[in-house]
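This report concerns only the one structure given below.
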Amino acid sequence: GDSVTQMEGPVTLSEEAFLTINCTYTATGYPSLFWYVQYPGEGLQLLLKATKADDKGSNKGFEATYRKETTSFHLEKGSVQVSDSAVYFCALSELDTGRRALTFGSGTRLQVQP
Amino acid sequence: DAMVIQNPRYQVTQFGKPVTLSCSQTLNHNVMYWYQQKSSQAPKLLFHYYDKDFNNEADTPDNFQSRRPNTSFCFLDIRSPGLGDAAMYLCATSRSSGTSTDTQYFGPGTRLTVL
């Protein structure tokens with residue numbers, strides 16, 4: 001079955017540091033890949049997505065590239081801010097198969113210190 | 001703004017007392033989902049509606065039911081809440097054409113406390 005593996009947190013960085021959160025996946029078909037962000041006490045917000053190999057999703061300074069050869073979708077940001085402190089979930093959906101559920105990774109908590 | 005709305009944001013109930021959580025959407029999406037998220041865990045899909053068709057996950061307890069009276073609204077009913085049902089409940093929506101499904105958009109969640 002499908003699965004998503006994320007690096008364990010918490011990840012603690014100083015403001016303006018470079019961020020990488022690793023995400024790898026296994027899937028039977030050709031999934032779309034997503035990063036969702038969850039701020040404390042809130043629901044999930046779509047951060048970015050990519051629907052095919054070599055696509056780069058980007059939003060709010062965050063980027064992730066769909067790498068089919070390494071089955072990865074690592075999240076990066078060049079300079080993090082305190083306001084980026086949240087839990088980040090990598091997820092996949094095999095849209096072509098009609099299975100509509102998202103398969104989530106376990107989440108990575110990011111703490112950015114001033 | 002088009003959005004997914006959940007009410008209430010916080011719900012406290014007593015052990016065994018039925019509770020209903022509500023979700024509404026202005027996105028006109030045909031698919032609505034309910035997820036359960038326990039502390040420090042990933043969301044877990046309970047069930048979803050594809051139009052009027054109800055799709056239950058195999059491991060969702062019978063204690064959890066859902067209703068979708070129209071396109072815009074979906075309810076989660078917990079018939080006899082146990083202490084283990086305390087969690088954040090997330091509603092999400094997407095547009096699906098049958099063989100493809102668009103991005104899921106989530107509401108802010110309802111945090112359920114069981115006393």
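Letters A, B, ... are given to chains in the order of the sequence lines, protein chains preceding strands, and every chain is numbered from 1.
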Heavy-atom distance under 4.5 Å to chain B: side chain of [X], backbone, both or neither?
X: Gln38(A); result: side chain
X: Tyr39(A); result: neither
X: Leu44(A); result: both

Residue [X] excluded, over 12 heavy atoms near [atom1] under 6.0 Å:
X: Gln14(B); atom1: CD; answer: no
X: Asp62(B); atom1: CG; answer: no
X: Gln111(A); atom1: CD; answer: yes

Under 4.5 Å between side-chain heavy atoms, counting indirect links through other Ile/Leu/Val/Met/Phe/Trp/Tyr residues: same cluster for [X] and [Y] or not?
X: Tyr50(B); Y: Trp34(B); answer: no
X: Leu110(A); Y: Val37(A); answer: yes
X: Phe47(B); Y: Tyr35(B); answer: no
X: Phe106(B); Y: Leu76(B); answer: no

- Query: Considering all heavy atoms of both residues, which atom of Ala42(B) and which atom of Phe104(A) are nearest to each other, and what is their separation?
  - Reply: CB-CB, 3.8 Å
- Query: Does the pair Phe34(A) and Gln104(B) meet the rule for a side-chain contact (heavy atoms from CB on, under 4.5 Å), with working shown?
  - Reply: CA-CA 10 Å; Phe34(A) 305 84; Gln104(B) 291 188 23; over 6 Å; no
- Message: Can you tell me which of Pro108(B), Pro43(B), Gly107(B) forms the most heavy-atom pairs within a distance under 4.5 Å of chain A?
- Response: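 Maximum pair count with chain A is reached by Pro43(B).
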- How many angstroms lie between atom CD of Glu42(A) and atom CZ of Arg111(B), to the nearest 0.5 angstrom?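 Between Glu42(A) CD and Arg111(B) CZ, I get 11.5 Å after rounding to 0.5 Å.
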- Nearest-0.5 Å distance that lies between atom CG in Leu46(A) and atom OG1 in Thr103(B): 5.5 Å
- Message: Which atoms of Gln37(B) are under 4.5 Å from chain A, going by heavy atoms: the side chain, the backbone, both sets, or neither?
- Response: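 Answer is side chain: those atoms of Gln37(B) sit under 4.5 Å from chain A.
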